[in-house]
Structure formats: C-alpha cells, structure tokens
Amino acid sequence: MDALIPVLKSHPGPAVLVCSLLFRVVHHLLQKLPVPKVVKQNDLHSWKWRNLSVSMVHSLLTGTWALACVVVWPETLSNIHSHHTPLSYLLVCVSTGYFVQDAGDIILTGHARASWEFLLHHALVIWCFLYTLYTQLYVAGAVIALFVEVNSVTLHLRLMLKLAGAQSSSTYHINKYANLLTYITFRLSTQFYLTWYIVHNYSWLDRGGYFLFSMIVMNIMILIYFYRLLRADFFSWSKNSVRQNGMHDSKKFLSD
C-alpha cells in the first residue's frame with residue numbers, strides 16, 4: 001500500500017482508467033450469474049439488470065469502505081478540506097473509476113437520452129473527484145459523499161426487485177422501509193452536511209463556488225428523487241393515478 005499510493009498520486013488519471021477497466025471486468029463476470037426469466041425477456045430490462053448489478057458491487061464496496069475510513073479516522077468528518085489517508089485516497093480513485101465506467105456503459109449502449117439525469121450526476125461527481133485526486137484536497141469530503149452508497153444498496157435492490165416483478169414480496173416490503181431510512185440517514189443528511197460545511201467555510205475554501213454549485217444541483221436532484229420514491233412506494237393514490245393515466249415511462253432508467 002505504501003508503495004502504491006505515491007504512484008496513484010503521481011498518475012491519478014491513468015489510475016482512474018485502470019479502476020474503470022476493473023469494474024468493466026466485474027461487469028463481464030456478473031453476466032455469468034443467473035438472471036430472472038422475466039428480465040431476460042426484455043432487452044432494456046436485461047441491460048438495466050446488468051448495470052444495476054455492477055452498481056450494487058460498487059455501493060457495497062465503497063459504502064462500507066467510506067464508513068470504515070470515518071470510524072478509523074474520525075478527523076475525516078471535521079477536516080473535509082485537507083485530511084486524507086492512503087486508504088481514503090485509494091477509495092476516491094476506485095469510486096471515480098466506477099463512475100467513468102458507468103457513464104461509458106450508459107452512453108455506448110445508447111441509453112444516454114433516457115438516463116440524462118444519471119449522466120449529469122456522474123459528470124458532477126467525476127469532475128469533483130478528479131479535482132480531489134489531482135490536488136489531494138477535499139479527499140475527506142469525497143469519502144463523506146460516498147456515505148450515500150449505503151443508501152444506494154437499498155435503492156439498487158429496490159429497482160432490481162421491480163425488474164423481477166417482485167413488488168408484492170416481503171423482501172420488497174422490508175426493503176422499502178430500509179430504503180427510506182437509509183435515504184434520510186445516509187443520502188439527505190450527508191448531502192446537507194457537506195453543503196453546510198461549504199457554506200460555513202466558503203470564504204477560504206479552494207474552488208468553493210464550484211463545489212457549492214455542484215452541491216446545490218445534486219441537492220435538488222436528490223430531493224426530486226426522494227419525492228418520486230415517496231410517491232411510488234408510500235402513496236397508493238399516486239401509483240393508481242399513474243397506472244390509469246399511462247404515465248409510466250419504461251424507457252427511463254429511473255422513473256419511479
């Protein structure tokens with residue numbers, strides 16, 4: 001590890017590309033796992049399933065990794081601007097590689113138009129994370145931002161269960177409450193904490209304006225997603241209305 005990190009810091013761009021290729025290898029390996037028959041019958045659903053499978057691996061890995069970094073090094077929470085460790089730097093490098101791979105997968109498979117919200121999110125994250133890797137600033141902030149991946153585990157599971165037609169299962173019922181809890185605890189709280197930190201320390205932070213703008217855009221996005229989540233899973237009148245009016249767009253990656 002001590003020998004690896006200096007190499008990563010000297011060549012963060014190539015290191016991100018290597019991590020991206022590793023996630024592409026994971027993508028190919030996951031294709032060998034069994035897939036529900038109802039998913040196989042639809043090409044779009046098959047692609048979504050493969051994409052979500054890789055995302056699940058990333059979320060399980062980086063969400064756990066980010067929490068471990070904070071437990072071992074509590075200073076991560078308070079010194080967002082300057083604090084970092086070899087493991088936290090490697091975490092940001094690995095995660096950036098995933099977002100590059102996922103953006104490439106969306107674009108190259110022809111799903112960019114239907115997934116523009118994801119591409120906007122990925123572009124903001126990739127730019128912020130690359131700035132972090134090249135300057136070695138805000139590494140702790142990137143680690144904290146990856147707390148949201150804890151919630152992404154339940155979000156991905158929710159979507160995969162919907163693709164498999166298991167919305168009536170006990171697993172889906174349990175997961176929807178776990179998803180609500182983790183959304184509030186790890187996504188909303190994390191985003192708002194980072195926004196507060198930037199606003200509170202704006203006068204001396206490097207690139208404070210850009211990071212504040214990025215956080216505001218992402219905050220708007222996660223609030224919209226939160227509304228969609230509540231509408232789809234907890235407001236039955238809304239779900240019935242959508243069915244009756246035929247408003248569900250199956251071509252969008254995330255519509256409900």
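Fair warning: this is a prediction, and the values are worked out from it, not measured in the lab.
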Give the C-alpha distance, both sets of side-chain angles, the deciding distance and a yes or no for side chain to side chain contact (heavy atoms under 4.5 Å, CB included) between Trp49 and Ser53. CA-CA 6 Å; Trp49 185 276; Ser53 297; 3.7 Å; yes
Are Glu117 and His121 close enough that a side-chain donor and a side-chain acceptor fall under 3.5 Å? no
Give the intermediate values and the outcome of side chain to side chain contact (heavy atoms under 4.5 Å, CB included) for residues Leu146 and Trp65. CA-CA 9 Å; Leu146 287 170; Trp65 193 340; over 6 Å; no
When the ring planes of Tyr210 and Phe213 are compared, do they come out parallel, tilted or perpendicular, using 30° and 60° as the limits? tilted
Output field: ring centroids Tyr131/Phe211 closer than 6.0 Å: yes
Note: Glu149 and Thr62 closest approach over all heavy atoms is CG-OG1, 3.4 Å
Could you tell me whether the side chain of Asn179 and the main chain of Asn175 form a donor-acceptor pair under 3.5 Å? no
Does any part of the side chain of Leu120, heavy atoms only, come nearer than 4.5 Å to the side chain of Met221, both counted from C-beta? yes
List the steps and the verdict of side chain to side chain contact (heavy atoms under 4.5 Å, CB included) for Arg187 and Tyr225. CA-CA 11 Å; Arg187 191 171 294 271; Tyr225 293 155; over 6 Å; no
Spacing of OG belonging to Ser168 relative to OH belonging to Tyr172, to within rounding of 0.5 Å: 9.5 Å
Is it the case that over 12 heavy atoms from other parts of the model lie below 6.0 angstrom from the CZ atom of Phe192? yes
Relative to the ring of His200, is the ring of Trp196 parallel (under 30°), tilted (30 to 60°) or perpendicular (over 60°)? parallel
Among residues at least two apart in sequence or on other chains, which ones pass side chain to side chain donor-acceptor pair (under 3.5 Å) with Asn219? Gln191, Thr195
Would Ile220 and Ile224 count as a side chain to side chain contact (heavy atoms under 4.5 Å, CB included) if you check the C-alpha gap in whole Å, the side-chain angles of each, and the deciding distance to 0.1 Å? CA-CA 6 Å; Ile220 293 172; Ile224 292 173; 3.9 Å; yes
Atom pair CG (Leu67) and CD1 (Ile144), whose distance is rounded to the nearest 0.5 Å: 11.0 Å
Going hydrophobic residue to hydrophobic residue with side-chain gaps under 4.5 angstrom, can you get from Tyr197 over to Val199? yes
Check whether any side-chain heavy atom of Leu163 sits under 4.5 Å from a side-chain heavy atom of Leu52, and report yes or no. yes
Here the pair of heavy atoms bringing Pro6 nearest to Ser10 is O-OG, 2.8 Å
Would you say Tyr134 and Val18 are hydrophobically clustered, going by side-chain heavy atoms of ILVMFWY under 4.5 Å? no
Arg50 and Leu30, any side-chain heavy atoms less than 4.5 Å apart: no
Indicate, with yes or no, if Val148 and Val125 share a hydrophobic cluster defined by side-chain heavy-atom contacts under 4.5 Å among Ile, Leu, Val, Met, Phe, Trp and Tyr. no
Taking the side chain as C-beta and beyond, is there a heavy-atom pair between Ile106 and Asn51 under 4.5 Å? yes
Please give me the minimum heavy-atom distance between Tyr202 and Gly208, naming the atom from each residue. CE1-C, 3.4 Å
What's the spacing between Leu77 CG and Phe147 CZ if we round to 0.5 Å? 5.5 Å
Gap separating the CG atom of Asp102 from the OG atom of Ser115, nearest 0.5 angstrom: 9.0 Å
Can the ring centres of Trp47 and His111 be said to be less than 6.0 Å apart? yes
Is it true that Asp233 and Arg158 make a salt bridge, defined as a side-chain N closer than 4.0 Å to a carboxylate O? yes
Student check: side-chain heavy atoms of His81 and Leu137 closer than 4.5 Å: yes
Looking only at heavy atoms, the pair that brings Asn151 and Thr154 closest together is O-OG1, 2.8 Å
Leu108, Val26: one ILVMFWY side-chain cluster at the under-4.5 Å cut-off? no
CG/Asp105 to NE2/His122 distance, rounded to the nearest 0.5 angstrom? 9.5 Å
For this output row, return yes or no: ring centroids of Tyr227 and Phe235 closer than 6.0 angstrom. no
Heavy-atom closest contact (Ala66 atom, Val143 atom, distance): CB-O, 3.4 Å
With the side chain counted from C-beta on, respond yes when His84 and Trp73 share a heavy-atom pair under 4.5 Å apart, and no when they do not. no
Is the backbone N or O of Ile222 less than 3.5 Å from a side-chain atom of Tyr183, with the two atoms forming a donor-acceptor pair by type? yes
What are the two closest non-hydrogen atoms of Phe226 and Ile184, and how far apart are they? CZ-CG1, 4.1 Å
Could you tell me whether the side chain of Ile126 reaches within less than 4.5 Å of the side chain of Leu130, counting heavy atoms only? yes
In terms of hydrophobic clusters joined by side-chain contacts under 4.5 Å, are Val150 and Val71 together? no
Side-chain polar contacts of residues 88-101 - donor-acceptor pairs under 3.5 angstrom, sequence neighbours left out - could you list them?
{"residue": "Ser88", "atom": "OG", "partner": "Thr85", "partner atom": "N", "Å": "2.7"}
{"residue": "Ser88", "atom": "OG", "partner": "Thr85", "partner atom": "O", "Å": "2.8"}
{"residue": "Ser88", "atom": "OG", "partner": "Thr85", "partner atom": "OG1", "Å": "3.2"}
{"residue": "Tyr89", "atom": "OH", "partner": "Leu133", "partner atom": "O", "Å": "2.7"}
{"residue": "Ser95", "atom": "OG", "partner": "His58", "partner atom": "NE2", "Å": "2.9"}
{"residue": "Thr96", "atom": "OG1", "partner": "Val92", "partner atom": "O", "Å": "2.6"}
{"residue": "Tyr98", "atom": "OH", "partner": "Ser55", "partner atom": "OG", "Å": "2.5"}
{"residue": "Gln101", "atom": "OE1", "partner": "Arg24", "partner atom": "NH1", "Å": "2.8"}

Report the distance from atom CG of Asp43 to atom OG1 of Thr109, rounding to the nearest 0.5 Å. 12.0 Å
Any heavy-atom pair between the side chains of Asp206 and Tyr138 that's under 4.5 Å? yes
